[in-house]
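Heads up: the structure comes next, in structure tokens.
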Amino acid sequence: MAQIRIASKISHLSYAIRDIVAAAEKVQKKGKKIYWLNIGDPNRFDFRPPQHVLDAIGGALKGGKYTGYAPSQGEPLLREEIAKKEGVGVESTFVTNGLSEGIDFIFAALLEAGDNILMPRPAYPLYVTKSKVLGCVENYYECGPEWVPDVGDMRRKVNGKTRAIVVINPNNPTGALYPQKVLQEIGNLAAEHDIPVIADEIYDRLVFEGKCANMRDVVGKDVKLISGNGMSKNYFYPGARVGYLALHGQGMEPLEEALVKLTNARLSVNWEMQFGLLAAMQGSMDYLGQGVEKLKKRGALLHKMLNEAPGISCTKPQAAFYAFPKVELGGRWKDDFAFVHGLLEETGVLCVPGSAFGAKKEEGYVRLVFLPQEEELQEALMLMQKYVSNGGKCKSLKLP
Ligand SMILES: Cc1ncc(COP(=O)(O)O)c(C=O)c1O
């Protein structure tokens, strides 16, 4: 019998951050220790959600009151809290199964085949993948020094089929934090062309110095703005799968109606978990200070050690838990994939090729996560330094 037929759009679905795990598991089976610098899950390391969040979820479960479908657009108390924080009406807020589902909904509502979304290069891969699945054309704006968006390039890339501009601040995969002035310029461009901005601000509290400027505080009502946030990163609870969208600006009613339909069609988000996000948003953020301090130290360590290695350069991460260094491939490695797989086989250090985020393969970028504790991180970075210095060889490497 023939094999079941799969729609061609599935061929566009890939998620290198997880896909690469299969390769790592093979190496692990051979007895090698793996340094998991590939995935941004703080719970794999020494970061935990605050206790009051766990208590709120536990309390909601114990009462047995929330075992039915939740309201499709979200628990009303949570929507109220989101509305207050975002400065919009409750009807402009939507609770989703992680921000990932929010991105899905926005793309479903805005995009026809042949359209494009302006995305940063490099960008979190979900945006690229989802737009390709919908038959959209790739359209990237470049990011300049310190990985800050080049608004001039953005301006050049806007065309008649551009349906939104994605701004990820703080940024995954680069760890960049954007200056307010740049956000204002993006807002001006969006207003001029009347193109919505999707502001992905899921890391906005994980900032090492100063504060993250939220797009909603920077742009006026003349900008159609979709803000996205959630429980996964700021509250160290990605497994909760709760995120949200908030719509700002004028002329957003059709999107509001589309989101009502899309959320109705998928019924609801886990009700108990929504009480977790409510408690997170209402509760103390004291726990965060320690977490951010750890991240800042680890980011600085990574920055120092990578720049010490000949043939690697890396901008200093300002926020979140990612860095995006460049490796001089110099004929030793064909591309970023060859580098990443070689590094994994030789040292057990697992990172993600930059091309998974839209960088060009030959440029030699990789994404690293600096969530592991200092000792582990230092060991991984030492291995990486030696691997690069030895031109891709370090089987006999002994750590001090
Ligand atoms: C920039 C960015 N946006 C969205 C997401 C998805 O978030 P969630 O866990 O809320 O689906 C991630 C996850 O890593 C991310 O890095």
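All of these numbers come straight from a predicted model, not from anything done at the bench. One-based numbering, in listed order, for ligands and for the atoms of each. The residues of the chain are indexed from 1 along the displayed sequence.
Between S232 and ligand 1, at least one N/O pair is under 3.5 Å apart. For a threshold of 3.5 Å applied to N or O pairs, the pair formed by D200 and ligand 1 contains at least one separation below that value.
Listed by atom number, the atoms of ligand 1 under 4.0 Å from I202 heavy atoms are 2 (C), 3 (N), 7 (O), 10 (O).
The NZ atom of K261 lies 14.5 Å from the OG atom of S72; values are rounded to the nearest 0.5 Å.
Contacts with ligand 1 closer than 4.0 Å are made by side-chain heavy atoms of R241 only, the backbone lying farther away. Here P238 has no heavy atoms under 4.0 Å from ligand 1, in either its backbone or its side chain. If you look at K233 next to ligand 1, the close heavy atoms, those under 4.0 Å, all belong to the side chain. Here I168 has side-chain heavy atoms under 4.0 Å from ligand 1, and that is the only part of it that gets that close.
Here ring-ring contact (aromatic ring centres under 6.0 Å, His included) pairs that include residues 209-268, with residues two or more places apart or in two chains, are F47-F236.
Within the cation-pi definition used here (under 6.0 Å to the ring centroid, within 45° of the axis), K326 qualifies as a partner of Y365.
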Sequence neighbours excluded and cut-off under 3.5 Å, please list the side-chain donor-acceptor pairs for residues 187-199, or say none.
| residue | atom | partner | partner atom | Å |
| --- | --- | --- | --- | --- |
| E192 | OE1 | R155 | NH2 | 3.4 |
| E192 | OE2 | R155 | NH1 | 2.8 |
| D194 | OD1 | K224 | NZ | 2.8 |
| D194 | OD2 | K224 | NZ | 3.2 |

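L99 and V88 fall into different hydrophobic clusters, where Ile, Leu, Val, Met, Phe, Trp and Tyr are joined by side-chain heavy atoms under 4.5 Å apart, directly or via other members.
Defined by atom type and a distance below 3.5 Å, a donor-acceptor pair is missing between the side-chain atoms of Y35 and E376.
Within the structure, the closest approach of G98 to ligand 1 falls below 4.0 Å when heavy atoms are considered.
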